[in-house]
Amino acid sequence: MVIKKVRTRYAPSPTGFMHVGNLRTALYEYLIAKSNGGDFVLRIEDTDRERYVEGAVDVIYDTLKTAGIIHDEGPDVGGEFGPYVQSERREMYMPYAQRLIDEGKAYRCFCSKERLEELSQSSEFGGYDRHCRDLSEDEINEKLKEGIPYVIRQKMPLSGKTTFSDAVFGEITVDNSELQDQILIKADGYPTYNFANVIDDHTMGITHVVRGSEYLSSTPKYNLLYEAFGWEIPTYVHLPLIMGKNEDGSVSKLSKRHGSTGFEDLIKDGYLPEAIINYIALLGWCPKDNQEIFSMKQLEENFFIEGISKSPAVFDYDKLLWFNEQYIKAMSAEEFTERAMPYYKEVFGDRDVDYSKFAGILQQRLEKFTDIPEKIKFFAELPEYEKDIFINKKSKTNLENAPVNLQEAYERLKALPNWTFDAIHDCLINMAVEKELKNGTVMWPVRIAAAGQKVTPGGAIEILDILGREESLKRLEKGLEKLRS
RNA sequence: GGCCCGGUGGUCAAGUGGUCAAGACACCGCCCUUUCACGGCGGUAACACGGGUUCAAAUCCCGUCCGGGUCACCA
């Protein structure tokens with residue numbers, strides 16, 4: 001037996017929008033190829049001119065690139081099975097349809113759209129009635145001479161069953177009577193999606209056809225086409241759908257009303273590409289050892305088709321958020337700072353700020369980078385606050401002892417020769433020891449005065465350190481003022 | 001409606017005839033702690049239902065119910 005090199009393909013339409021469902025399909029196609037040492041092909045299906053969107057192809061390239069899904073062949077990188085843009089393959093399809101006509105496996109249908117419309121209304125035939133299937137040679141030539149537009153349909157078997165095997169769903173059998181004589185070539189001479197797909201996949205040597213399970217019920221038609229040509233049938237891998245949870249608890253195909261569904265939108269919401277990929281890889285697939293965190297490389301090494309689930313999965317933003325946190329925590333401080341920089345700038349603008357210390361207080365408590373501005377804006381400007389936030393039961397602070405302890409801390413801090421983290425730390429801790437106070441009784445009022453808010457990233461020491469001597473003392477003075485008023 | 005597919009905690013899921021039915025997210029509690037987090041420990045919570053087959057069923061068979069998909073000269 002000859003082992004053929006595995007080849008998968010991702011064949012998106014350029015709509016300018018990359019749904020996470022499509023992204024996951026691309027991911028699995030990529031992983032199936034790579035886990036088998038195969039090639040992953042990108043093919044653009046742009047035959048629908050009406051839906052053409054400027055720049056939409058770039059969205060596909062950009063998304064795949066930032067997601068880390070790299071194609072071996074495609075319009076931009078070439079390959080020996082080109083062209084990889086369907087509109088450039090236009091001429092290829094008709095000869096195949098003609099071949100089927102010549103072999104008696106397909107026929108020209110001259111029925112008008114109006115007639116077809118009526119048929120579907122009457123529902124007597126459940127669709128097309130195969131009116132043109134057995135026209136005589138003379139009738140056909142007559143109509144051709146009259147210039148009546150026609151489509152080319154495939155002759156489906158009138159009886160019997162068609163069985164195909166899917167790598168995920170197993171054997172599936174359908175009565176041939178369910179199958180209509182599908183259109184191969186439209187009246188405008190363009191191939192239908194299904195027909196073009198089969199021709200392209202075969203001529204590009206695709207071994208594994210990977211797609212969403214919404215195609216499961218049209219797969220017998222694909223199969224019959226491969227059989228009509230006498231071509232080897234590829235391995236079908238149908239993927240379970242990604243669902244969204246509705247307000248009433250029901251589920252339906254993931255769409256906008258469930259939240260962001262586009263890759264770009266998720267990125268804008270603050271999710272990291274690595275986190276999105278990691279999450280959707282596990283949405284419908286499970287590794288042998290239940291590992292959760294996967295780099296793309298690890299996915300390539302561990303992916304296997306048998307691990308793909310059959311049942312639809314609900315997209316869970318909470319879990320995605322958790323993955324995001326994990327990736328943020330795992331970054332080096334340098335990388336964190338680099339990726340956080342745009343958000344720092346959002347708060348501080350052009351001000352000269354030493355950002356190196358922010359990672360220390362943010363990295364362990366951040367879910368998304370987009371949360372940064374909200375968390376650190378008190379550094380840029382002291383917020384308005386009520387003095388009762390100086391009261392904290394657990395730290396044993398109240399409006400009586402807060403002014404006293406804050407005053408003492410202020411004086412001690414003011415006297416510090418060096419304004420460093422360690423110096424501040426020792427200063428305040430020593431004060432607590434000497435005064436026989438809980439650490440919190442000293443720290444709480446200092447932190448509140450320095451930050452102007454109850455909840456802050458980092459503690460009093462970190463905040464004073466970042467704020468610097470001048471600004472810190474200014475804020476503590478303000479706090480004292482407030483407490484005395 | 002016909003056909004196809006699916007149905008293990010709120011969510012993702014392991015499981016393939018014998019387990020006290022894993023694990024993760026979320027949730028709750030405790031600990032740690034200068035707030036919030038992080039971290040650590042613990043907890044609530046599931047085999048849709050009804051029949052079979054079998055010594056034994058989440059696992060196999062049938063039916064019911066529920067959910068989803070699909071029935072284009074769209075992709």
Side-chain angles (χ1 to χ4, degrees), chain A residues 11-13 15 45-48 50-51 86 109 111 113 116 120 123 126-128 149-153 166 168-170 172-175 177-180 182-194 196-197 212-220 238 240-241 243 245 249-253 279 282-292 307 309-323 325 329 361-367 375 389 392 394-395 397 428-429 432 438-448 451 453-463:
Chain A
S13 304
T15 60
E45 311 234 327
D46 63 344
T47 51
D48 191 356
E50 282 176 25
R51 281 204 224 169
Q86 212 168 51
C109 172
C111 292
K113 281 188 183 175
L116 264 17
S120 65
S123 80
Y128 180 57
Y150 62 87
V151 300
I152 298 176
R153 290 180 185 270
D166 182 85
V168 174
F169 289 90
I172 293 173
T173 301
V174 171
D175 278 335
S177 58
E178 295 288 327
L179 277 19
Q180 295 205 17
Q182 63 174 333
I183 293 175
L184 272 19
I185 301 285
K186 297 183 270 187
D188 61 8
Y190 277 92
T192 56
Y193 170 81
N194 291 338
N197 241 274
S213 66
E214 66 265 32
Y215 290 98
L216 215 41
S217 48
S218 55
T219 302
H238 285 93
L241 262 18
M243 314 297 284
K245 192 158 209 167
S250 63
V251 295
S252 49
K253 221 169 153 179
Y279 175 60
L282 261 26
L283 202 57
W285 173 76
C286 188
K288 289 190 173 106
D289 60 359
N290 274 310
Q291 183 181 338
E292 297 250 35
S309 161
K310 290 185 206 185
S311 40
V314 174
F315 194 90
D316 183 0
Y317 292 90
D318 282 333
K319 184 97 190 217
L320 172 59
L321 195 56
W322 179 79
F323 274 103
E325 277 184 75
K329 290 199 183 84
I361 59 168
L362 287 174
Q363 200 168 357
Q364 294 308 313
R365 61 195 98 212
L366 200 62
E367 293 178 318
K375 284 191 190 300
I389 64 171
N392 180 262
K394 213 178 130 200
S395 300
T397 61
L428 293 174
I429 294 295
K438 282 183 71 165
N439 286 342
T441 313
V442 176
M443 302 292 185
W444 184 277
V446 172
R447 192 176 59 85
I448 294 300
Q453 60 192 38
K454 257 184 174 171
V455 176
T456 59
I461 302 162
E462 287 93 339
I463 292 169

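In this text the structure is predicted, and so the values were computed from the model without any measurement. Throughout, a chain's letter reflects where its sequence line sits, starting with A, and its residues are numbered from 1.
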Whole-Å C1' distance, rG7(B) and rC47(B): 10 Å
Show me the side-chain donor-acceptor pairs of residues 453-462 of chain A shorter than 3.5 Å, one per line, residues at least two apart or across chains.
unit_1	atom_1	unit_2	atom_2	d
Gln453(A)	NE2	Val455(A)	O	3.1
Thr456(A)	OG1	Arg447(A)	NH1	2.8
Thr456(A)	OG1	Gly458(A)	O	3.0
Glu462(A)	OE1	Gly459(A)	N	3.0

Sugar-phosphate, base or nothing in reach of Val442(A), heavy atoms under 4.0 Å: nothing
Heavy-atom donor-acceptor pair, Lys394(A) side chain to Gly440(A) backbone, under 3.5 Å: no
Using the 3.5 Å cut-off, write out each protein N or O paired with an N or O of nucleotides 9-13 of chain B and the distance between them.
unit_1	atom_1	unit_2	atom_2	d
rG10(B)	O3'	Lys245(A)	NZ	3.4
rG10(B)	O2'	Lys245(A)	NZ	2.9
rC12(B)	OP1	Val314(A)	N	3.0
rC12(B)	O2'	Leu282(A)	O	3.4
rA13(B)	OP1	Gly284(A)	N	2.8

Counterpart residues, side chain to side chain contact (heavy atoms under 4.5 Å, CB included), relative to Ser309(A) (two or more places apart): Ser311(A)
Which nucleotide in rC4(B), rC73(B), rU70(B) has an atom nearest any side-chain atom of Ile172(A): rC4(B)
Contacts of type salt bridge (Lys or Arg N to Asp or Glu O under 4.0 Å), residue Lys319(A), not counting sequence neighbours: Glu292(A)
Opposite nucleotide pairing with rA57(B), Watson-Crick or G-U, both atom distances under 3.5 Å: none
Non-neighbouring partners of Tyr193(A) that pass ring pair (Phe, Tyr, Trp, His ring centres under 6.0 Å), sequence neighbours left out: none
Set of side-chain hydrogen bond (donor to acceptor under 3.5 Å, both in side chains) partners for Asn290(A), sequence neighbours left out: none
Nucleotide of rC73(B), rC5(B), rA75(B) approaching Arg153(A) most closely (side-chain heavy atoms): rC73(B)
Inter-nucleotide P distance (rG17(B), rA13(B)), Å rounded: 22 Å
Separation of atom CD in Glu367(A) from atom C1' in rC25(B), rounded to whole Å: 12 Å
B/S/- contact track for nucleotides 31-38 of chain B, protein heavy atom under 4.0 Å: --BBBBBS
Span that lies between the C1' atom of rA56(B) and that of rC31(B), in whole angstrom: 44 Å
Same-atom distance (P) from rG15(B) to rC71(B), integer angstrom: 33 Å
Taking every non-hydrogen atom, the tightest pair across Pro220(A) and Leu179(A): CB-CD2, 4.2 Å
Nucleotide opposite rG50(B) in a Watson-Crick or G-U pair, distances under 3.5 Å: rC62(B)
rG42(B) pairs with, by Watson-Crick or G-U criteria that keep both distances under 3.5 Å: rC28(B)
Base-pairing mate for rU70(B) - Watson-Crick or G-U, with both contacts under 3.5 Å: rG2(B)
Touch class at under 4.0 angstrom, heavy-atom based, for Thr173(A) against every strand present: sugar-phosphate
For rC36(B), glycosidic torsion class - syn if within 90° of 0, otherwise anti: anti
Pairwise P distance for rC25(B) and rG40(B), with rounding to whole Å: 10 Å
Watson-Crick or G-U wobble mate for rG23(B), both contacts under 3.5 Å: rC12(B)
Non-neighbouring partners of Tyr317(A) that pass ring pair (Phe, Tyr, Trp, His ring centres under 6.0 Å), sequence neighbours left out: Phe315(A)
From Ile152(A) atom CD1 to Leu184(A) atom CG, the distance as rounded to the nearest 0.5 Å: 7.0 Å
Complement of rC36(B), any strand, by Watson-Crick or G-U distances under 3.5 angstrom: none
Residues forming a side-chain hydrogen bond (donor to acceptor under 3.5 Å, both in side chains) with Asp166(A), sequence neighbours excluded: His238(A)
